[in-house]
Protein chains: 2
Amino acid sequence: MEEKKLLPWPSGLKRTKPRELVWEALCAADRPLSVTELFARLEPSSGMAVSTVYRVLTALEEHGAVTKTTMMGEEIALFALNRGGHKHYAICLACHRQVPVRHCPFETAPVETEAEGFTVTNHRLELYGYCRECLKKRREARGTNGGPAPSNPA
Amino acid sequence: MEEKKLLPWPSGLKRTKPRELVWEALCAADRPLSVTELFARLEPSSGMAVSTVYRVLTALEEHGAVTKTTMMGEEIALFALNRGGHKHYAICLACHRQVPVRHCPFETAPVETEAEGFTVTNHRLELYGYCRECLKKRREARGTNGGPAPSNPA
DNA sequence: ATCAGTGCAAACGATTTGCACCTCG
DNA sequence: CGAGGTGCAAATCGTTTGCACTGAT
């Protein structure tokens, strides 16, 4: 169930045991992972240090093999490998679950290069809201307190 | 040059000197600010503590008056007040300048609620690329080194 | 007067870095 | 063999929190 085919090794990147382990973990993941999550998925027997995970991820990013992100309102970094094309996620504001969005709204109609003289090479789109379960829970918990103001609409 | 009209005070939020100062700084800003930037823009004579800035911003966020964000690849929080509607930015990968995008691509055609059962309440869209100046600099600096692989395309 | 708001400083957690050793090519 | 990679631990840095005090209603 955690099986995914490994992507080809990033060209120009030296192959070492720690790097391969991180690469495998990333390939197996179905969503962006934090360093801590990634670290937890490595066999403890590997004896790898957290700092190494950071360094490997940085190296991978510099080789254009992974992308560093952050979820809105969170300040911990998430890393996802750059498969062909790119992916967007719908993120539940309650349980933080990340649901992949099937199609990028811009994959057919590219974003206009609005800002004068600005050359767009990349973009990030994230949808925020509530998954079915959390929406239900919220309805049930209604009235317990006068909840905070609703977030600004999309 | 740093003149902007103050937005109406967030309803239900107690008025205090520190809060007003933060609010003014946010209204004057033309882009999301980090806590450090915000703190630097306050009169030193105000004697406000950084922790207060954090607390004020949290309060403002809970009242739906501001939004907490992060730039891709950065892990420091940025705060922007929620003016009517919402805004998106084109961010220069070289100089980090944030150029506001005029129109939200979704303001006419809302994003489909793709993920099964997922209720979208909000979204974030950021464009990454290079502003005119940095693009020129990059062209000139060409050949100095075999720069890193280009990021994945948009 | 009362309770939320604030300053100060210590606590925290994520990320970075210096240094000595080890490994890949 | 040599440059680069890694483990370990200490150092940073943004952010959070406990506590005593001040200010707004």
Side-chain angles (χ1 to χ4, degrees), chain A residues 9-26 32-63 65-80 96 145-146 148, chain B residues 9-26 32-63 65-80 96 145-146 148:
Chain A
W9 189 258
S11 70
L13 185 64
K14 193 189 219 175
R15 256 188 131 105
T16 68
K17 177 68 68 54
R19 289 180 173 185
E20 286 178 345
L21 289 176
V22 170
W23 186 247
E24 287 166 18
L26 277 175
L33 296 179
S34 70
V35 170
T36 313
E37 289 174 314
L38 206 38
F39 187 63
R41 297 186 180 204
L42 302 171
E43 314 163 37
S45 59
S46 67
M48 181 155 31
V50 206
S51 57
T52 302
V53 178
Y54 278 99
R55 285 192 272 228
V56 169
L57 287 170
T58 304
L60 286 173
E61 194 192 14
E62 285 170 349
H63 283 256
V66 312
T67 300
K68 187 178 181 182
T69 348
T70 355
M71 292 198 337
M72 198 185 223
E74 302 284 320
E75 44 277 340
I76 65 178
L78 301 181
F79 295 83
H96 282 185
N145 62 45
Chain B
W9 189 259
S11 70
L13 185 63
K14 193 190 226 174
R15 257 187 130 107
T16 68
K17 178 68 66 56
R19 290 181 172 184
E20 287 179 344
L21 289 176
V22 170
W23 185 248
E24 287 167 17
L26 277 175
L33 295 179
S34 70
V35 171
T36 312
E37 289 174 313
L38 208 37
F39 187 62
R41 297 186 180 203
L42 303 171
E43 314 163 36
S45 59
S46 68
M48 179 155 34
V50 205
S51 58
T52 302
V53 179
Y54 279 100
R55 287 192 270 227
V56 169
L57 288 170
T58 304
L60 287 173
E61 193 189 15
E62 286 169 351
H63 281 256
V66 311
T67 300
K68 186 178 180 182
T69 351
T70 356
M71 292 199 337
M72 197 185 223
E74 303 284 320
E75 44 276 342
I76 64 179
L78 301 181
F79 296 83
H96 283 187
N145 62 45

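Proteins get letters first, then strands, A, B, ... in listed order; numbering begins at 1 in each.
Nucleotides of DNA chain D nearest to B:Lys17 and B:Val50 differ in position, and the one nearer the 5' end is that of B:Val50. The nearest heavy atom of DNA chain C to A:Lys68 and to A:Arg15 marks one nucleotide each, and the one closer to the 5' end goes with A:Lys68.
As rounded to whole Å, 10 Å separates atom P of D:dG5 from atom CD of A:Glu62. As a whole-Å value, the separation of A:Glu75 CD from C:dC12 P is 18 Å. Protein atom CG of B:Leu38 is 14 Å distant from nucleotide atom C1' of D:dT15, rounded to whole Å. Counting to the nearest Å, the C1' atom of D:dT15 and the CZ atom of B:Phe39 are 14 Å from each other. Whole-Å rounding puts the B:Phe79 CZ to D:dT15 P distance at 7 Å. Nucleotide D:dA3 holds its C1' atom 15 Å from the CG atom of A:Leu13, rounded to whole Å. Rounded to an integer number of Å, the gap from A:Lys14 NZ to D:dA3 C1' is 6 Å. The CH2-C1' distance, from A:Trp23 to D:dG5, rounds to 18 Å in whole Å.
The heavy-atom pair separating A:Leu78 from A:Ser34 by the smallest distance is CD2-N, 3.6 Å. In plain terms, the two heavy atoms of A:Glu74 and B:Thr70 that are nearest each other are O-OG1, 3.5 Å. Smallest separation of non-hydrogen atoms from B:Gly12 and B:His63: O-CE1, 3.4 Å.
Among the nucleotides C:dT6, D:dT6, D:dC8, the one closest to any side-chain atom of A:Ala49 is D:dC8.
A close approach under 4.0 Å does not occur between any side-chain nitrogen or oxygen of B:Ser51 and OP1 or OP2 of D:dT15. Taking only side-chain nitrogens and oxygens, A:Arg19 never comes nearer than 4.0 Å to OP1 or OP2 of C:dC24. Close to D:dG14, at under 4.0 Å from its OP1 or OP2, lies no side-chain N or O of B:Ser34. Residue A:Tyr54 places none of its side-chain N or O atoms closer than 4.0 Å to OP1 or OP2 of C:dT16.
Within the 4.0 angstrom heavy-atom criterion, only backbone atoms of the sugar-phosphate kind lie near B:Ala77; the bases stay farther away. Within the 4.0 angstrom heavy-atom criterion, base atoms lie near A:Arg55. At the heavy-atom level, A:Thr36 lies nowhere under 4.0 Å from the strands shown.
The shortest distance between side-chain heavy atoms of A:Trp23 and A:Leu60 falls below 4.5 Å.
Taken to the nearest 0.5 Å, the CG atom of B:Leu57 stands 10.5 Å off from the CZ atom of B:Arg19.
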